[in-house]
Chemist: 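First the structure, which I've put down as structure tokens, then a few questions once you've had a look.
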Amino acid sequence: MGTDTGLTLRPWAESDLEAVRDAFNEPLMLRQLPPSMRRTAVDDEMAGRWIADRRREREEDAGYSWAVTHGPVVVGCVAVGAVDRVHDTGWVSYWTVRAAQGRGVASSALRAAAGWAFGELGLFRLELGHRTDNRASCEVAGRAGFAVEGLQRAKLRYGGTRHDVELHSRLATDS
């Protein structure tokens, strides 16, 4: 699937192992891994397991994750997870590699994924949350049409520090 800025979204492949490993070895990315995978560094085995988990989620209709590419280069990830068919909702997430940050990659990928989720997947509501100290993620959400809904106090804990989270949503009926 393409974006409005010429990027491509495609399912993760085994050939992306190095890109996943390198992305998650950035200090702020390590904490984004599931607790069972958190260590001081991500190796090839862990990166392969992360890719396999994305494939399994897709097969189970539980989540859809894409490598965001610029030509052959992986520049990020966008996902629609926690798909709830009873309420037609999903939770979106995104990340970019350091070299792609600040270039509109995440917001472009998020707009494309949201369009797909509302169209092909038939969802009605998408949600996302970000730490309140992550202004860049807030800007991504806003540029992708996600409205601020509120504050979730002390929702996340990284080490001994708790973080407030700002909740955003977008509906299929939003323009």
Side-chain angles (χ1 to χ4, degrees), residues 1-3 7-87 89-101 103 105-117 120-121 123 126-131 133-134 136-137 140-141 144 152 155-163 165 167-168:
M1 146 176 46
T3 71
L7 299 168
T8 300
L9 276 59
R10 61 163 174 75
W12 289 97
E14 291 299 321
S15 59
D16 298 320
L17 189 118
E18 183 177 333
V20 169
R21 183 197 65 219
D22 292 349
F24 279 110
N25 277 318
E26 287 291 327
L28 293 178
M29 285 293 293
L30 269 174
R31 66 184 183 188
Q32 303 300 324
L33 287 168
S36 64
M37 294 179 72
R38 286 189 198 142
R39 297 184 195 149
T40 56
V42 173
D43 59 17
D44 287 350
E45 184 270 328
M46 289 174 63
R49 194 168 47 168
W50 186 87
I51 292 169
D53 286 348
R54 304 297 73 80
R55 183 176 302 118
R56 179 190 45 75
E57 288 172 346
R58 185 176 290 268
E59 290 168 357
E60 294 172 357
D61 189 38
Y64 298 84
S65 183
W66 295 272
V68 180
T69 62
H70 182 255
V73 179
V74 173
V75 293
C77 173
V78 65
V80 177
V83 173
D84 181 335
R85 292 298 186 173
V86 173
H87 301 290
T89 61
W91 182 266
V92 296
S93 59
Y94 43 86
W95 53 262
T96 57
V97 299
R98 185 183 304 262
Q101 292 173 357
R103 296 181 25 214
V105 169
S107 55
S108 178
L110 184 53
R111 284 190 299 272
W116 177 86
E120 188 169 325
L121 201 54
L123 298 184
L126 295 175
E127 298 175 341
L128 67 85
H130 62 82
R131 293 181 330 276
D133 64 351
N134 187 344
S137 191
V140 166
Q152 297 173 303
K155 175 159 178 125
L156 300 177
R157 179 175 52 89
Y158 295 113
T161 305
R162 297 212 67 94
H163 297 270
V165 171
L167 181 65
H168 295 245

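Just so we're clear, the structure is a prediction, and the values are computed from it rather than from any experiment.
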Chemist: Taking only residues two or more places apart in sequence or in another chain, which ones pass ring-ring contact (aromatic ring centres under 6.0 Å, His included) with His70?
Modeler: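 For His70 there are no ring-ring contact (aromatic ring centres under 6.0 Å, His included) partners, ignoring immediate neighbours.
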
Chemist: Heavy-atom distance under 4.5 Å between the side chains of Val78 and Val92, does that happen here?
Modeler: no

Chemist: Output all residues satisfying salt bridge (Lys or Arg N to Asp or Glu O under 4.0 Å) with Arg85, sequence neighbours left out; order by chain, then residue number.
Modeler: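 For Arg85 the salt bridge (Lys or Arg N to Asp or Glu O under 4.0 Å) partners, ignoring immediate neighbours, are Asp61.
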
Chemist: Which pair of heavy atoms, one from Ala144 and one from Ser107, lies closest together, and at what distance?
Modeler: CB-O, 4.0 Å

Chemist: Who passes salt bridge (Lys or Arg N to Asp or Glu O under 4.0 Å) against Arg162, sequence neighbours left out?
Modeler: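 For Arg162, no residue satisfies salt bridge (Lys or Arg N to Asp or Glu O under 4.0 Å) once neighbours in sequence are set aside.
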
Chemist: Return the set of residues passing side chain to side chain contact (heavy atoms under 4.5 Å, CB included) with Ala100 (not counting sequence neighbours), or none when no residue passes.
Modeler: Val75, Thr96, Val97, Arg103, Val105

Chemist: Test side-chain contact (heavy atoms from CB on, under 4.5 Å) on Arg49 and Val20; report intermediate values, then the result.
Modeler: CA-CA 10 Å; Arg49 194 168 47 168; Val20 169; over 6 Å; no

Chemist: Which atoms form the tightest heavy-atom contact between Val74 and Ala19, and what is the distance?
Modeler: CB-CB, 3.8 Å

Chemist: Go through the structure and list residues passing side chain to side chain donor-acceptor pair (under 3.5 Å) with Asn25, not counting sequence neighbours.
Modeler: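 If we apply the side chain to side chain donor-acceptor pair (under 3.5 Å) test to Asn25, skipping adjacent residues, there are no hits.
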
Chemist: With a cut-off of 3.5 Å and sequence neighbours excluded, list every side-chain donor-acceptor pair involving residues 109-116.
Modeler:
| from | atom 1 | to | atom 2 | distance (Å) |
| --- | --- | --- | --- | --- |
| Arg111 | NE | Asp4 | OD2 | 2.8 |
| Arg111 | NH1 | Arg143 | O | 3.2 |
| Arg111 | NH2 | Asp4 | OD1 | 3.2 |
| Arg111 | NH2 | Asp4 | OD2 | 3.0 |
| Trp116 | NE1 | Glu120 | OE1 | 3.1 |

Chemist: Specify the closest pair of heavy atoms between Gly90 and Val80, including all atoms of both residues, with the distance to one decimal.
Modeler: CA-CG1, 4.4 Å

Chemist: Would you call Trp66 and Pro11 a side-chain contact if the rule is heavy atoms closer than 4.5 Å?
Modeler: yes

Chemist: Of all the heavy-atom pairs spanning Ala47 and Arg21, show the shortest one and how long it is.
Modeler: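 Of all heavy-atom pairs spanning Ala47 and Arg21, the closest is CB-N, 3.8 Å.
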
Chemist: Is it true that Asp16 and Arg54 make a salt bridge, defined as a side-chain N closer than 4.0 Å to a carboxylate O?
Modeler: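 A salt bridge is absent here (no side-chain N lies under 4.0 Å from a carboxylate O).
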
Chemist: Could you give the distance from CH2 (Trp91) to CG (Leu126), rounded to the nearest 0.5 Å?
Modeler: 11.0 Å

Chemist: Side chain to side chain contact (heavy atoms under 4.5 Å, CB included) with Glu14: which residues, sequence neighbours excluded?
Modeler: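 For Glu14, the residues satisfying side chain to side chain contact (heavy atoms under 4.5 Å, CB included) (neighbours in sequence not counted) are Ile51, Arg55.
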
Chemist: Could you give me the CA-CA distance, side-chain angles and deciding distance for Leu156 and Arg131, then say whether side-chain contact (heavy atoms from CB on, under 4.5 Å) is met?
Modeler: CA-CA 8 Å; Leu156 300 177; Arg131 293 181 330 276; 4.0 Å; yes

Chemist: Residues two or more places apart in sequence or in another chain: which of them pass side chain to side chain donor-acceptor pair (under 3.5 Å) with Thr69?
Modeler: none

Chemist: For Asp22, what residues pass the side chain to side chain contact (heavy atoms under 4.5 Å, CB included) criterion, not counting sequence neighbours?
Modeler: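 Listed in chain order: Glu18.
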
Chemist: Could I get the full list of side chain to side chain contact (heavy atoms under 4.5 Å, CB included) partners for Ser137, not counting sequence neighbours?
Modeler: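 With neighbours one apart ignored, the set is Tyr94, His130, Asn134.
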
Chemist: Which residues pass the side chain to side chain donor-acceptor pair (under 3.5 Å) test with Arg98, not counting sequence neighbours?
Modeler: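 Expected list: Glu26.
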
Chemist: What's the spacing between Arg157 CZ and His163 NE2 if we round to 0.5 Å?
Modeler: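 Spacing of CZ (Arg157) from NE2 (His163) equals 10.5 Å.
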
Chemist: Where do Met46 and Phe24 land on the side-chain contact (heavy atoms from CB on, under 4.5 Å) test, with the steps shown first?
Modeler: CA-CA 10 Å; Met46 289 174 63; Phe24 279 110; over 6 Å; no

Chemist: Tell me which pairs pass salt bridge (charged side-chain N to carboxylate O under 4.0 Å, His left out) where either residue lies in residues 74-83, with sequence neighbours left out.
Modeler: none

